[in-house]
Chemist: 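Starting off with a structure, shown below.
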Amino acid sequence: MSDWEFWGYAFVIGSILTYICWGFVFAIQGLLLLHGRPEAVMWLKKRYSFKVFMRELIIFFPMLFLFHFLLEIIPGLIGLDDAVIRFSVSDLIERAEDALEK
């Protein structure tokens with residue numbers, strides 16, 4: 001394996017792992033924001049402007065759907081949670097916009 005090939009693999013694997021880790025955090029905080037948690041609002045105000053939030057929303061859209069399925073729908077199907085919140089991107093954007101305007 002040449003040096004270039006090694007660094008190519010390191011870059012690809014590092015990029016994938018970064019997307020997964022960063023997407024995990026963004027998806028969890030996005031779902032908490034949908035639930036109206038004040039901790040998520042504080043996190044959002046501390047780290048984002050609305051423009052940056054929208055960029056990350058587009059980038060991590062698949063992670064949001066995955067975690068909504070894993071944390072909302074599956075527990076609802078097996079009877080662990082009675083109230084499954086409806087995932088709505090427009091609601092998430094509206095809550096983020098309201099939080100970042102104040």
Chemist: Name all residues meeting the ring pair (Phe, Tyr, Trp, His ring centres under 6.0 Å) criterion together with W7; count only those two or more places apart in sequence or in a different chain, and write none if there are none.
Modeler: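 W7: no ring pair (Phe, Tyr, Trp, His ring centres under 6.0 Å) contacts found.
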Chemist: Scan for side chain to side chain donor-acceptor pair (under 3.5 Å) pairs involving residues 12-21, sequence neighbours excluded, and state none if there are none.
Modeler: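 Applying side chain to side chain donor-acceptor pair (under 3.5 Å) to every pair that reaches into residues 12-21, excluding sequence neighbours, yields nothing.
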Chemist: Are the side chains of Q29 and L44 in contact, using a 4.5 Å heavy-atom criterion?
Modeler: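 When only atoms from C-beta onward are counted, Q29 and L44 do not touch, as no gap falls below 4.5 Å.
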Chemist: Could I get the full list of side chain to side chain contact (heavy atoms under 4.5 Å, CB included) partners for S2, not counting sequence neighbours?
Modeler: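 With sequence neighbours excluded, S2 shows a side chain to side chain contact (heavy atoms under 4.5 Å, CB included) to W4, E5, given in chain and number order.
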Chemist: Evaluate the ring planes of F26 and F53, with Trp represented by its six-membered ring, and classify them as parallel (under 30°), tilted (30 to 60°) or perpendicular (over 60°).
Modeler: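 Judged by the thresholds at 30° and 60°, the geometry between F26 and F53 is tilted.
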Chemist: Go through the structure and list residues passing ring pair (Phe, Tyr, Trp, His ring centres under 6.0 Å) with F61, not counting sequence neighbours.
Modeler: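 F65.
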Chemist: Is there a path from V89 to L33 through hydrophobic residues (I, L, V, M, F, W, Y) whose side chains come within less than 4.5 Å of each other?
Modeler: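 Both belong to a single hydrophobic cluster.
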Chemist: Mind jotting down which residue pairs meet the salt bridge (charged side-chain N to carboxylate O under 4.0 Å, His left out) criterion with at least one end in residues 86-96? Sequence neighbours excluded, please.
Modeler: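 Non-adjacent pairs meeting salt bridge (charged side-chain N to carboxylate O under 4.0 Å, His left out): R86-D91.
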Chemist: State which residues pass side chain to side chain contact (heavy atoms under 4.5 Å, CB included) with I28; sequence neighbours excluded, sorted by chain then number.
Modeler: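 Once residues adjacent in sequence are excluded, the partners of I28 under the side chain to side chain contact (heavy atoms under 4.5 Å, CB included) criterion are F24, L32, F67, L71.
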Chemist: Working to the nearest 0.5 angstrom, can you tell me the gap between L100 CG and K45 NZ?
Modeler: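 Those atoms lie 8.0 Å apart.
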Chemist: Measure the CZ-CG distance between F60 and L66 for me, rounded to the nearest 0.5 Å.
Modeler: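 If I round to the nearest 0.5 Å, the distance is 13.0 Å.
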Chemist: Apply side chain to side chain contact (heavy atoms under 4.5 Å, CB included) to the pair L92 and L31, showing each step before the final yes or no.
Modeler: CA-CA 8 Å; L92 182 61; L31 290 176; over 6 Å; no
Chemist: Determine whether Y9 and V12 fall in the same hydrophobic cluster, where Ile, Leu, Val, Met, Phe, Trp and Tyr are linked whenever their side-chain heavy atoms lie under 4.5 Å apart.
Modeler: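 No, because Y9 and V12 fall into different hydrophobic clusters, even though each may have its own neighbours under 4.5 Å.
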Chemist: Is there any salt bridge (charged side-chain N to carboxylate O under 4.0 Å, His left out) pair reaching into residues 60-75, and which pairs are they, with sequence neighbours excluded?
Modeler: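 The answer is none; no pair qualifies.
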Chemist: With clusters built from Ile, Leu, Val, Met, Phe, Trp and Tyr whose side-chain heavy atoms come within less than 4.5 Å, directly or transitively, what are the remaining members of the cluster of L17, listed by chain and number?
Modeler: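 Members besides L17, by chain and number: I13.
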Chemist: Sorted by first residue and then second, give each salt bridge (charged side-chain N to carboxylate O under 4.0 Å, His left out) pair with at least one member in residues 32-42; sequence neighbours left out.
Modeler: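 Of all non-adjacent pairs touching residues 32-42, those that pass salt bridge (charged side-chain N to carboxylate O under 4.0 Å, His left out) are R37-E39.
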Chemist: Excluding sequence neighbours, so at least two apart, what forms side chain to side chain contact (heavy atoms under 4.5 Å, CB included) with K51?
Modeler: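 Side chain to side chain contact (heavy atoms under 4.5 Å, CB included) list for K51, sorted by chain: S49, R55.
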Chemist: Are V25 and M42 grouped together when hydrophobic residues (ILVMFWY) are joined by side-chain heavy atoms under 4.5 angstrom apart?
Modeler: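 Different clusters: V25 never reaches M42 through Ile, Leu, Val, Met, Phe, Trp or Tyr contacts under 4.5 Å.
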Chemist: Is there side-chain contact between E56 and V52, with at least one heavy-atom pair below 4.5 Å?
Modeler: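 E56 vs V52: side chains touch.
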Chemist: Are any non-hydrogen side-chain atoms of M63 and W22 less than 4.5 angstrom apart?
Modeler: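 Sidechains of W22 and M63: no contact.
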Chemist: Identify, with sequence neighbours excluded, every residue that meets ring pair (Phe, Tyr, Trp, His ring centres under 6.0 Å) alongside F50.
Modeler: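 Partners of F50 under the ring pair (Phe, Tyr, Trp, His ring centres under 6.0 Å) test: none.
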